[in-house]
Amino acid sequence: MTTDEKRRIYNELLPEIESTLAECPDLISGMATVACILHHAFRQFFWTGFYRVVEPGLLAAGPYQGTLACLTITFERGVCGFCATTGETIIVDDVSKFEGYIACDSRTSSEIVVPVKGKTGELLGVLDIDSTELMAFDMIDAEFLEKVCRTLGECA
Ligand code: SME
């Protein structure tokens, strides 16, 4: 996929997501909606979904689309744990090179994880998108997915 094509798809999706979430009644409903819209927009998205902070230092699988997810992830482990700890987006070009990577599905080759924060900046969860392709994600994904997660944070 070219960067122009990627931008074009995100530019179409963003208003769709914003208008769909305009009357968001609940964070989990919002997460389910976003996972569905994103997953079906990009063929290279193999797993698209959320892990929610369910207690201090612990993430649990939230709404997702794709193959079976690991049920829980502690903040000390994996790409999701790294994102939850730092509160920053992380792009992993090749998951086999990431120490402590959690392989929920061995077909995943690269991933991006973006934090979802509430109105006061508290961490609500993370958006995790996996691809079977190496280096599937770049700063364009980060820029748009961070906007999506900011919109979602308003649902809380
Ligand atoms: N690979 C992630 C775990 C979640 S799944 O890929 C669905 C990680 O290392 O945090």
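We count ligands from 1, going down the list as the structure has it; atoms in each ligand are counted the same way.
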Practice task
Decide if the gap between the ring center of Phe45 and the ring center of Phe42 is smaller than 6.0 angstrom.
Solution key: yes

Exercise for the section: Could you please spell out the steps behind the side-chain contact (heavy atoms from CB on, under 4.5 Å) verdict for Tyr10 and Ile140? Expected result: CA-CA 9 Å; Tyr10 277 122; Ile140 299 172; 4.2 Å; yes

Exercise for the section: Mark up the atoms of ligand 1 that fall under 4.0 Å of a heavy atom belonging to Trp47, in ascending order. Expected result: 7 (C)

Handout entry: Part of Val113 within contact of ligand 1 (heavy atoms, under 4.0 Å)
Key = neither

Handout entry: Contact check: Val79 vs ligand 1, nitrogen or oxygen atoms, below 3.5 angstrom
Key = yes

Practice task
Check each atom of ligand 1 against the heavy atoms of Glu111 and keep those under 4.0 Å away; list them by number with element.
Solution key: 1 (N), 2 (C), 6 (O), 8 (C)

Problem - Residues Asp4 and Thr2: side-chain donor-acceptor under 3.5 angstrom - result: no

Exercise for the section: Starting from atom 1 (N) of ligand 1, find the nearest protein heavy-atom neighbour and note its residue, name and distance. Expected result: Ile102 O, 2.8 Å

Handout entry: ligand 1-proximal atoms of Val95, by part, heavy-atom distance under 4.0 Å
Key = neither

Practice task
Just go through Val126, Ile73, Ile90, Thr67 and tell me whose heavy atom is the nearest to atom 3 (C) of ligand 1.
Solution key: Ile73

Exercise for the section: Run the numbers on Asp141 and Val114 for side-chain contact (heavy atoms from CB on, under 4.5 Å), then give the verdict. Expected result: CA-CA 10 Å; Asp141 298 280; Val114 180; over 6 Å; no

Handout entry: Any donor-acceptor N or O pair under 3.5 Å, side chains Thr120, Glu122
Key = yes

Practice task
Ignoring angles and geometry beyond distance, decide whether Cys104 reaches within less than 3.5 Å of ligand 1 through its nitrogen or oxygen atoms.
Solution key: no

Handout entry: Distance-only polar pair, side chains of Asp105 and Thr67, donor-acceptor under 3.5 Å
Key = yes

Practice task
Take every heavy atom of Thr108, measure it against each atom of ligand 1, and state whether any distance is under 4.0 Å.
Solution key: no

Exercise for the section: Check whether any heavy atom of Tyr51 sits under 4.0 Å from an atom of ligand 1. Expected result: yes

Completion exercise
Any heavy atom of Cys80 under 4.0 Å from ligand 1? The part involved is both

Handout entry: Nitrogen or oxygen of Arg77 less than 3.5 angstrom from that of ligand 1
Key = no

Exercise for the section: Could you see which bit of Phe98 sits under 4.0 Å from ligand 1, with heavy atoms only: side chain, backbone, both or neither? Expected result: neither

